[in-house]
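What follows is one structure encoded as structure tokens, with my remarks underneath.
Convention: sequence-line order gives letters A, B, ...; per-chain numbering from 1. Just so you know, these numbers come straight off a predicted model, no measurement behind them. All heavy atoms count here, side chains included; hydrogens, waters and symmetry mates do not.
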Number of protein chains: 2
Amino acid sequence: MQKNPVQCQFVAALDSIVGKWKPIILYHLLQGKPLRFNELRRLLPDITQRMLTLHLRELEEEEIVKRVIYPQIPPKVEYSITEYGMSLSPVLETLHQWGVAHIERKQLIKQKNEQTKTD
Amino acid sequence: MQKNPVQCQFVAALDSIVGKWKPIILYHLLQGKPLRFNELRRLLPDITQRMLTLHLRELEEEEIVKRVIYPQIPPKVEYSITEYGMSLSPVLETLHQWGVAHIERKQLIKQKNEQTKTD
DNA sequence: CAGCATCCACATTGATACTG
DNA sequence: CAGTATCAATGTGGATGCTG
């Protein structure tokens, strides 16, 4: 733990959320339906197997995601959001909303700049 | 831009917020009072001069933070949140709240574990 | 199917010294 | 006071090949 408590709190929150793919993984799992490893891969076409595994392990560690193994061949593993993980929903939600607005704003500015060029 | 729009939106939001010290910089600036460079340094005792400069430049670039230079000697520069930057307030707020709860929860679990040891 | 192991590239941060 | 410049360390993510 560090000296600065506010810093800590942000860090604690961001650690759980940050990682190139964690927000989208959580976004999909927050839909409620458990997803298999390869289903997640299909939903995140650009993620590598390695990163999906790593991120899922980290989320599991923090009890944000639950991993259920069905002992069968071929293996089947399902990932789902935990009750605790659901508490992240408002965080992701506001973050997502801001992202949408932020992108829109950028495009507006870009358009304006292109207009003034032709003036 | 990438193929996945949801990914984009999260990335856009996180880009603005992520950076080891950005959340706390914003947290302090969101208090409303403009802060000088060295005032910020004092509020963030562990940040290096270099990182403070870099993060402030990035926030300025995105028009989240405004930089005002008073041409005098010794130099005086004040940083403040822009109106647009204020729109980040709810994002930081929910993030911060979740961080607080997350830390409390971890400590509760730790305490429980120490109890069961002595049982 | 659902991984793990290894090696590598690049991005982010830090340490330190110097300046108008 | 408010920086910049340079260099070094660390961290994060990607590519590839192998496995029960």
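- Regarding contacts with the backbone of C:dT13, a side-chain N or O of B:H55 is found under 4.0 angstrom from either OP1 or OP2.
- Close to C:dG3, at under 4.0 Å from its OP1 or OP2, lies a side-chain N or O of A:R57.
- The side chain of B:K20 places an N or O atom within less than 4.0 Å of a non-bridging phosphate oxygen (OP1 or OP2) of C:dG14.
- What you find for A:I103 and B:A12 is that their closest heavy atoms are CG1-CB, 3.7 Å.
- Comparing B:E58 and A:R50 by the nucleotide of DNA chain C whose heavy atom lies nearest to each, the residue mapping closer to the 5' end is A:R50.
- The distance from atom CG of B:L54 to atom P of C:dA15 is 14 Å, rounded to the nearest whole Å.
- Within a 6.0 Å sphere centred on CD of B:E61, other residues, nucleotides and ligands contribute 12 heavy atoms or fewer.
- The pair A:E58-A:K22 counts as a salt bridge, with a side-chain nitrogen and a carboxylate oxygen less than 4.0 angstrom apart.
- Residue A:Y79 is classed as a sugar-phosphate contact, given heavy-atom separations below 4.0 Å to backbone atoms only.
- Residue order along DNA chain C, read from the 5' end via each residue's closest nucleotide, puts A:P74 first among A:T53 and A:P74.
- Annotation: cation-pi geometry satisfied between A:R105 and B:Y84 (NZ/CZ under 6.0 angstrom from ring centroid, within 45° of ring axis).
- Remark on DNA chain D: of its neighbouring residues A:P75 and A:Q49, the 5'-side contact belongs to A:Q49, judged by nearest-heavy-atom nucleotide.
- A:Q72 has its CD atom 15 Å from the C1' atom of C:dG3, to the nearest Å.
- Computed from coordinates, the B:L52 CG to C:dT13 P distance equals 13 Å when rounded to whole Å.
- Spacing between atom CG of A:L35 and atom P of C:dA2 amounts to 11 Å, rounded to whole angstrom units.
- Residue A:Y70 contributes atom OH, which lies 12 Å from atom P of C:dA2 at whole-angstrom precision.
- For the pair B:I47 CD1 and C:dG14 C1', the computed distance is 11 Å after rounding to whole Å.
- Among all heavy-atom pairs drawn from B:T82 and B:E63, the shortest one is OG1-O, 2.7 Å.
- When all heavy atoms are compared, the tightest approach of A:G19 to A:H55 is CA-NE2, 3.7 Å.
- B:K22 has its NZ atom 11 Å from the C1' atom of C:dT12, to the nearest Å.
- Across the protein-nucleic acid pair, A:M51 atom CE and C:dG3 atom C1' stand 15 Å apart, rounded to whole Å.
- Here A:R36 lies in heavy-atom contact (under 4.0 Å) with sugar-phosphate atoms only.
- A:E104 pairs by the salt bridge (Lys or Arg N to Asp or Glu O under 4.0 Å) definition with nothing, not counting sequence neighbours.
- Of all nucleotides in DNA chain D, those with any atom nearer than 4.0 Å to a heavy atom of chain A start and finish, going 5' to 3', at D:dG13 to D:dG20.
- No contact: B:R41 has no heavy atom under 4.0 Å from any strand.
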